[in-house]
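Each remark here refers to the structure printed beneath this line.
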Amino acid sequence: MMTASEIRQHFLDFFQSKGHTIVSSAPIVVKNDPTLLFTNAGMNQFKDYFLGNKKAPYNRVADTQKCLRVSGKHNDLEEVGVDTYHHTMFEMLGNWSFGDPENAVAGYFKSEAIAWSWELLTEIYKIDKERLYVTVFEGDVKENIPASSIALAEWKKIVAEDHIVYGNKKDNFWEMGDTGPCGPCTEIHVDCRSAEERNKIPGRELVNKDHPQVIEIWNNVFIQYNRKKDGTLEPLPAKHVDTGMGFERLVRVLQNKQSNYDTDVFSGTIEAIEKISGQKYQALDDKESIAFRVLADHIRAISFTIADGQLPSNTGAGYVIRRILRRAVRYYYSYLHYKQPLLFQLVPVIAKQFEKVFPELNQQTDFVGKVIKEEEDAFLRTLDKGLKKIDGIIDQAKEAKKQIISGTDAFELLDTFGFPIDLTRLIAQENNLSVDEEGFENEMKIQKERSRAATALDTEDWQTINEGNSNGFTGYNELEIESKILKLRKVKGKGKELYQIVLEKTPFYAESGGQIGDTGTLTINNQVINIIDTKKENDLIIHFTENIPSQLHGDVKVSVNKDRRKSISIHHSVTHLMHAALRNVLGNHVSQKGSLVNEEQLRFDFSHFAKVSDDELSRVEKMVNQKIRENIPVVIQSMNKEDAIAMGAMALFGEKYSDTVRVVVMDPNYSIELCGGSHVGNTGEIGFFKIKHESAVAAGVRRIEAVSGKAAEMLIMEQSEELKSINDLLKNPKNLSKAIENLQAENNSLAKRIEALEAHQLVGVRNELLQKDLVINQVNFIGEIVEVPSADALKKLCFDIKHHLTNHLIVLCSNIGGKAYVAVGVSESAITSKNLDASKIIKEIVGPAIIGGGGGQKTLATAGGQETGNFQKIIANIKSLL
RNA sequence: GGGGAAUUAGCUCAGUUGGCUAGAGCGCUUGCAUGGCAUGCAAGAGGUCACCGGUUCGACUCCGGUAUUCUCCA
């Protein structure tokens with residue numbers, strides 16, 4: 001039996017023998033593509049070749065690609081692990097031909113692709129031909145697309161006719177999206193059923209019918225059309241082959257297993273889970289078995305994504321990772337009854353298994369494991385809090401004699417406290433309650449619609465202005481050039497309307513590698529248009545404007561905002577100096593995990609497992625400033641990737657580098673980095689470097705924010721001015737912080753003394769008032785106008801008197817700052833014997849008389865108002881109640 | 001990007017229609033008890049109720065904004 005690694009290797013060797021270049025997998029996390037968070041197919045990294053944005057360096061390519069799918073018609077996250085053949089992360093084996101209109105013999109098309117796929121499956125992998133079925137596009141009358149006659153003819157040469165199935169547009173016409181490259185495809189399916197079953201129903205009747213044993217393993221797409229926004233198709237000048245074969249499925253077929261999880265792709269992980277949890281994997285449909293499959297699947301997705309630089313977070317791609325991880329935690333928590341972090345223990349197993357194919361994980365097992373453990377801990381804490389909340393909800397439901405947890409409550413538990421709905425269901429069941437599923441779904445629907453409406457984006461078709469290739473970026477050396485507008489389109493979203501413009505060549509740096517996009521102007525025919533941002537879509541540089549020039553053809557002058565670019569370059573260059581200094585001071589485990597460079601500051605995230613101490617920060621600052629003063633020339637050169645790595649250049653995990661890389665050197669013994677950003681000519685231009693802030697972003701990741709150049713100057717100026725004015729206020733003391741400490745202490749003790757004095761004063765007033773005590777019908781009555789400093793003191797005074805009189809009614813009035821304040825106190829005994837109520841007295845008698853209002857308890861109530869002339873009347877009125 | 005929530009003593013948290021002199025447990029200080037420890041008893045200190053504004057006679061409580069954190073959706 002072939003092992004999984006042998007199967008993978010045979011694929012790559014086979015296509016190498018057919019003239020293909022083997023390339024490495026692109027990172028699983030996608031950057032610079034607004035339509036995609038993760039690589040979800042082998043062709044993603046070649047998208048620009050299909051779109052015609054870029055020319056392919058090789059015409060024939062093959063690889064195995066890490067892919068991630070968590071949504072889509074056939075792969076909902078909630079389904080993974082329930083069956084035995086869907087995955088979040090999977091490997092896609094693929095071979096490609098990139099057509100070249102000028103060199104017809106370079107690539108290949110339908111006949112070769114079909115012949116080779118058959119050869120590989122039947123001769124190398126030795127799959128029984130009787131078990132294989134192929135599908136061919138039958139054509140579409142409505143869209144006027146002809147049937148695939150060439151593909152059919154090719155298949156007929158090698159496959160029996162009753163093994164050819166015709167497919168409609170849904171199954172046999174592939175599209176990249178609503179618009180863009182597309183074309184017919186031909187699929188290869190395998191029938192893995194027993195001989196007996198195959199005799200009963202022929203396999204061809206089960207193709208594309210979602211039968212778990214009759215499955216598609218390979219799809220060959222022939223890209224020959226471009227779909228425009230109005231829905232029409234136009235033929236492409238260059239035709240391409242794009243194929244994809246699910247690796248895990250292929251292994252299952254070749255190893256003759258019932259389930260992907262029984263192959264050696266997953267068996268090692270499952271054994272490890274058995275060892276940790278002390279339970280045995282049964283390969284059934286029960287919750288325990290599902291839990292095993294969920295863990296074995298999810299840990300791969302989580303580990304490789306983090307290794308490629310995407311940390312779990314509460315937004316975007318990071319949130320998808322968090323969700324996958326939490327789903328795994330839920331399963332071991334509920335069904336394997338394991339209540340501590342588990343997943344992180346599997347990282348070394350996966351890392352070892354993929355050491356040769358995807359080494360990026362094995363190179364950082366510690367880091368990935370720590371990040372995962374921290375996430376697991378955090379979620380277990382969230383679960384704890386949610387458990388408390390749901391207890392309260394259940395108590396309430398029981399008290400109200402309800403059998404049901406409302407949809408709103410269930411939704412609130414999820415939405416606000418992150419408590420998963422399946423756990424709510426489980427706990428409800430244990431308490432003989434059910435969950436209002438309809439209400440919950442409804443709330444969920446409302447939330448989804450709201451989010452969708454907020455991000456709706458309407459993109460129109462590109463409008464071609466001038467023919468030509470966009471051949472790129474000139475802005476490393478020139479910031480102002482003459483160019484031409486190639487194409488533009490309108491984009492609507494969030495109530496704003498923007499235009500995207502592509503230029504023949506441009507000095508504008510598009511946001512990437514953490515460096516923010518340039519701004520500037522575009523001038524045509526004396527009309528000046530502001531360029532407000534520059535971004536990349538794959539490798540296409542797109543300029544954003546709020547309006548378009550009235551004349552579009554002809555030469556345009558484009559110029560970058562130079563001052564802003566200078567500040568950005570300063571911050572980018574100093575980031576390199578700081579990165580090197582961090583490695584010097586903290587150690588070589590420091591590696592970049594993210595960065596943001598703009599004109600105002602730099603932000604740098606890096607792996608490090610402890611807080612960076614003040615001392616270490618100041619050593620970093622000193623080292624960087626030393627390097628600035630050395631005024632080192634910044635040397636930038638292009639070279640072969642291998643040579644650059646050999647030179648000691650730092651490459652980042654999760655970055656896709658081409659064979660020729662740009663290397664930025666600031667003193668060959670100090671800092672060498674692969675980098676596409678803009679830089680200063682000499683480090684002296686940076687001027688000065690100052691760290692503003694150090695903080696944590698995730699387990700094992702620290703963040704430093706710092707400034708240089710003008711921004712640093714501004715910061716220091718502001719700080720020293722602030723310091724000066726503080727010094728002035730304190731009459732330039734010898735020791736500033738000591739002086740402030742003294743002030744604070746003095747302020748504290750003065751406040752205490754005032755409090756004591758006021759209390760003492762009130763004692764005097766209280767004693768005077770006690771002298772004026774009248775006994776009316778066995779109740780002690782005190783009704784007086786007093787002078788007190790505050791409404792609070794009036795209340796205190798009232799309490800104080802209450803403590804000295806048992807059976808009482810007290811009315812205290814005071815004019816404080818021109819406003820009327822009244823407090824009424826009644827003893828418990830008077831409440832019952834005389835049917836008195838302080839709050840009622842305040843509301844009915846006092847409130848109207850002082851033109852105000854108030855309230856409180858039966859025993860003590862207070863009021864405030866505008867009218868201070870009616871105090872005697874109020875006292876008399878209340879007295880008469882006795 | 002769009003929602004929901006949280007922020008009260010050193011820590012974990014109560015505070016139920018706006019008015020209780022803002023509380024509990026743990027921790028801390030002091031004293032007492034015990035040969036010592038574990039501990040027990042008693043007293044005490046400790047709060048800008050995140051911050052800024054508004055409504056109100058009165059705001060921890062209601063409204064708006066800011067910051068930080070959590071959480072869901074895209």
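Note that the structure is predicted; figures quoted are calculated from it, not measured. So you know, we letter chains A, B, ... as the sequences are listed, proteins then strands, and number each from 1. Values below: every heavy atom of this structure, side chains too, minus hydrogens, waters and symmetry copies.
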Revision key, fill the gap. Contacts of A/Phe379 and A/Gly865 projected onto RNA chain B by closest heavy atom; the upstream (5') one is A/Gly865

Point to revise | Which nucleotide in B/A74, B/C20, B/G4 has an atom nearest any side-chain atom of A/Lys795 | key: B/C20

Point to revise | Closest to the A/Thr382 side chain, choosing from B/C70, B/G3, B/C57 | key: B/C70

**Study point:** Nearest to side-chain heavy atoms of A/Lys796, which nucleotide of B/U21, B/A74, B/C72
**Key:** B/U21

Point to revise | Face-on cation placement of A/Lys339 at A/Tyr333 ring, 6.0 Å and 45° thresholds | key: yes

Check your understanding: Residues in ring-ring contact (aromatic ring centres under 6.0 Å, His included) with A/Tyr331, at least two apart?
Key -> A/Tyr335

Check your understanding: Taking the same atom, P, in B/A22 and in B/G46, what whole-Å distance lies between them?
Key -> 15 Å

**Study point:** Earlier contact from the 5' end, RNA chain B, for A/Lys448 and A/Ala863
**Key:** A/Ala863

Review point. Does a salt bridge link A/Lys389 with A/Glu412, judged by any charged N lying under 4.0 Å from a carboxylate O?
Key: no

Check your understanding: Quick one: which of B/U21, B/A74, B/G58 gets closest to the side chain of A/Ser451?
Key -> B/A74

Review point. Looking only at side-chain N and O atoms, does A/Arg450 come under 4.0 Å of OP1 or OP2 in B/G4?
Key: no

Point to revise | Structure string for RNA chain B in dot-bracket form, Watson-Crick and G-U at under 3.5 Å, | interchain | key: (((((((..((((.....[...)))).((((((.....)))))).....(((((..]....)))))))))))).

**Study point:** Residue A/Tyr821, side-chain atoms from C-beta onward, closest of B/G19, B/C57, B/C13
**Key:** B/C57

Review point. Out of B/C57, B/G3, B/A5, which nucleotide sits closest to the side chain of A/Gln866?
Key: B/C57

Check your understanding: Has A/Glu438 got more than 12 heavy atoms of other residues, nucleotides or ligands less than 6.0 Å from its CD?
Key -> no

Practice item. Identify which nucleotide among B/U21, B/C20, B/U71 has an atom closest to any side-chain atom of A/Gln857, counting heavy atoms from C-beta outward. Key: B/C20

Review point. Can we say A/Lys373 and A/Asp377 salt-bridge, meaning some charged N sits less than 4.0 Å from an Asp/Glu carboxylate O?
Key: yes

Review point. Using a cut-off of less than 4.0 Å, is there contact between a side-chain N or O of A/Arg452 and OP1 or OP2 of B/G1?
Key: no

Review point. Which whole number of Å gives the distance between the P atom of B/C20 and that of B/C60?
Key: 9 Å

Review point. Do any side-chain nitrogens or oxygens of A/Arg323 fall under 4.0 Å of OP1 or OP2 in B/A74?
Key: yes

Check your understanding: Expressed in whole Å, how much space separates the P atoms belonging to B/C11 and B/U48?
Key -> 12 Å

Practice item. Look at the side chain of A/Phe417 and decide which nucleotide, out of B/U71, B/C13, B/A5, has an atom nearest to it. Key: B/A5

Review point. Under a 4.0 Å N-O cut-off, is there an ion pair linking A/Lys535 with A/Asp533?
Key: yes

Review point. Does atom CD of A/Glu828 have more than 12 heavy-atom neighbours from other groups under 6.0 Å away?
Key: no

Check your understanding: Under a 4.0 Å N-O cut-off, is there an ion pair linking A/Arg323 with A/Glu375?
Key -> no

Exercise for review: Could you please name the option among B/C57, B/U71, B/C13 that lies closest to any side-chain atom of A/Lys385?
Suggested key: B/C13

Exercise for review: Classify the side chain of A/Gln447 and the base of B/C72 as holding, or not holding, a donor-acceptor pair under 3.5 Å.
Suggested key: yes

